[in-house]
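Here is the naming used below: chain letters follow the sequence lines, and residue numbers restart at 1 for every chain. Computed from a predicted structure; not experimentally measured.
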Number of protein chains: 2
Amino acid sequence: MSTVLETPKGKGEATRERILEIAEAAVLAKGFGATSIEEVIAEAGLTKSGFFYHFKDKNALAREMVRRYVATNDRLFDEIFGRGQQLSDDPLQAFLISLKLLAETMADLPNGHPGCLIASICYQERLFDREIRDLTAQSVRDWNARFRTILDGIAAVHPPREPVDLDDVADMLSCIVDGAIIMSKTLNDPGRLERQVMLFRSLVKLMFAPN
Amino acid sequence: MSTVLETPKGKGEATRERILEIAEAAVLAKGFGATSIEEVIAEAGLTKSGFFYHFKDKNALAREMVRRYVATNDRLFDEIFGRGQQLSDDPLQAFLISLKLLAETMADLPNGHPGCLIASICYQERLFDREIRDLTAQSVRDWNARFRTILDGIAAVHPPREPVDLDDVADMLSCIVDGAIIMSKTLNDPGRLERQVMLFRSLVKLMFAPN
DNA sequence: CCAAAACTGTACTCATGGTACGGTTTCTCC
DNA sequence: GGAGAAACCGTACCATGAGTACAGTTTTGG
């Protein structure tokens, strides 16, 4: 309370963050069930006791991982779609700009996109408790709602030329990103993710742009 | 060779199949790393010795699982896209019919789509050997090539109204299906998968149909 | 009926996840 | 600079699961 800085961040907080980061990478590479606490703490450079000081069990680790992932993603979306709105008053143009930014962001990852934690968890649902599954579900709903709002704004100005359901179009963006991440990883070709986002962008243009 | 039936199928073959089916369901629900041989054999009703009679180790099980999954999927695609071609001479109409069939097939799963094994494996790549990763990569490439061929046939008759890359459009179908499966599972709403396939269908129409 | 196929049973090793708990260092604040 | 909390270490322990070895038993197909 007395410090001026926003994030006092005791030493413990830093360790927590390090654990979460290492764990997330491991989970995305081998799955939660196959990610051992031992390997995480080995890489983090602390002991088992130290780990359990921060997280009461593996499920607590998972919960915090998801919270962290969702928060990071939310911030990224805020920035990307906020930036689009700054750069154009037309909602369609703003969205197209944001999609381009999104594609570039995806392409900028040096070793390709590390993966979507929500997708990873979805394929291991039985390992997680109700709270975690609710967390992932809510975050997906939030993202879809965000896109839906944007699309509403566009449709108000540019009536779509075909009767498409905007809820489905909003869903589609998440679907394409998740699907493209999988394809990129499977084929070991990071470029596909960017291309899919750009194709989605073309289709948005096709749907709304006056011909 | 002397039998008339296509599949003589000794008793061992049936057991193998049962193991693979149980294992696949378990892997899609909790991941490969968290799927124990013990639980699989418990559900299959045989002993550990019995299991290792059929598969030399867990990786052999994974290999056969993937082979089985890919073969099943190939057959399904053969049927769906073959049927489309039977029902219309126009390649675009044929594809639209097939996509409708695909959407219906997806919607017909009683408890929603169980999941894509390739996607599941992609998020646990470190657990699998080179051979398995090559298998999944090749199957994805094959599916993409199949769709690309269809799109080529369409484009030859109906020039696309926007300059879209047909390779990307072909990729998109797999991406959308994989992504929609994840969303359906995460939100526990099986309907989304069907809707996404139908939306893709609308977009194909929008891309190629003369206005 | 016989040989191969398809298992069962037991008994073990080794590695690892996860728990429990008491002790020790390091930080922080008064 | 001392007290107490936060952050961490050490060790001992149990349960589970992968995988091996191998001898025995049932089942099946020709």
Side-chain angles (χ1 to χ4, degrees), chain A residues 1-27 29-65 124 126-129 132, chain B residues 1-27 29-65 124 126-129 132:
Chain A
M1 296 301 183
S2 58
T3 53
V4 187
L5 288 185
E6 285 271 33
T7 50
K9 266 197 179 176
K11 193 188 168 204
E13 196 68 20
T15 307
R16 263 174 82 88
E17 191 66 17
R18 205 166 70 249
I19 293 174
L20 287 172
E21 201 172 316
I22 293 168
E24 182 177 319
V27 167
K30 48 206 295 188
F32 184 73
T35 296
S36 71
I37 295 180
E38 304 225 339
E39 66 173 303
V40 172
I41 62 177
E43 201 176 332
L46 81 169
T47 64
K48 216 181 245 191
S49 316
F51 173 87
F52 283 105
Y53 172 76
H54 289 286
F55 305 96
K56 82 178 255 278
D57 56 20
K58 223 182 162 190
N59 239 304
L61 171 70
R63 254 198 315 277
E64 294 310 310
M65 263 179 53
Q124 311 182 36
R126 281 287 125 76
L127 297 181
F128 302 95
D129 56 34
I132 293 177
Chain B
M1 296 299 185
S2 57
T3 52
V4 188
L5 288 184
E6 283 272 36
T7 51
K9 266 196 179 177
K11 192 191 169 203
E13 195 67 22
T15 306
R16 263 174 83 89
E17 192 68 16
R18 204 166 70 250
I19 293 175
L20 288 172
E21 201 172 316
I22 292 169
E24 183 178 318
V27 168
K30 50 207 292 187
F32 185 74
T35 296
S36 71
I37 294 179
E38 304 225 337
E39 68 172 301
V40 171
I41 61 178
E43 199 176 334
L46 82 168
T47 64
K48 212 183 242 190
S49 316
F51 174 87
F52 283 105
Y53 172 77
H54 289 287
F55 305 96
K56 85 178 253 280
D57 57 19
K58 224 183 163 190
N59 238 304
L61 171 70
R63 255 199 314 278
E64 293 310 309
M65 265 179 51
Q124 311 182 35
R126 284 286 124 75
L127 297 180
F128 302 95
D129 57 34
I132 292 178

Report task. Provide, to the nearest angstrom, the distance between the CZ atom belonging to B:Phe32 and the C1' atom belonging to D:dG17. Result -> 13 Å
Query - Distance in angstrom units between A:Glu17 CD and D:dA7 C1', rounded - result: 17 Å
Query raised in the report: Quick one: B:Glu13 CD to D:dT28 P, roughly how many Å, whole number?
Result: 16 Å
Query raised in the report: Looking at residues at least two apart in the chain, or sitting in another chain, which of them share a salt bridge (charged side-chain N to carboxylate O under 4.0 Å, His left out) with B:Arg126?
Result: none
Query raised in the report: Quick one: side chain to side chain donor-acceptor pair (under 3.5 Å) partners of B:Lys58, sequence neighbours excluded?
Result: none
Requested in this report: Look at all strands and tell whether B:Thr35 reaches a base, only sugar-phosphate, or nothing, counting heavy atoms closer than 4.0 Å.
Outcome: sugar-phosphate
Query raised in the report: Listed by chain and number, what are the side chain to side chain donor-acceptor pair (under 3.5 Å) partners of B:Glu43, not counting sequence neighbours?
Result: none
Query raised in the report: With sequence neighbours excluded, what pairs up with B:Ala60 under the side chain to side chain contact (heavy atoms under 4.5 Å, CB included) test?
Result: B:Phe55, B:Lys56, B:Asp57, B:Arg63
Requested in this report: Could you walk me through whether B:Leu61 and B:Leu20 pass side-chain contact (heavy atoms from CB on, under 4.5 Å), step by step?
Outcome: CA-CA 7 Å; B:Leu61 171 70; B:Leu20 288 172; 3.8 Å; yes
Requested in this report: Name every residue in residues 19-27 of chain B that has at least one heavy atom under 4.0 Å from any atom of DNA chain C, in order of residue number, or write none if there are no such residues.
Outcome: none
Query raised in the report: In chain order, what residues pass the side chain to side chain donor-acceptor pair (under 3.5 Å) check against B:Glu21, with sequence neighbours excluded?
Result: none
Report task. Just jot down the side chain to side chain contact (heavy atoms under 4.5 Å, CB included) partners of B:Ser36, sequence neighbours excluded, or say none. Result -> B:Glu38, B:Glu39
Requested in this report: Could you list by number each residue of residues 43-61 of chain A showing a heavy-atom separation from DNA chain C of less than 4.0 Å, or answer none if no residue does?
Outcome: A:Lys48, A:Phe52, A:Lys58
Query - Set of ring pair (Phe, Tyr, Trp, His ring centres under 6.0 Å) partners for A:Phe128, sequence neighbours left out - result: A:Phe32
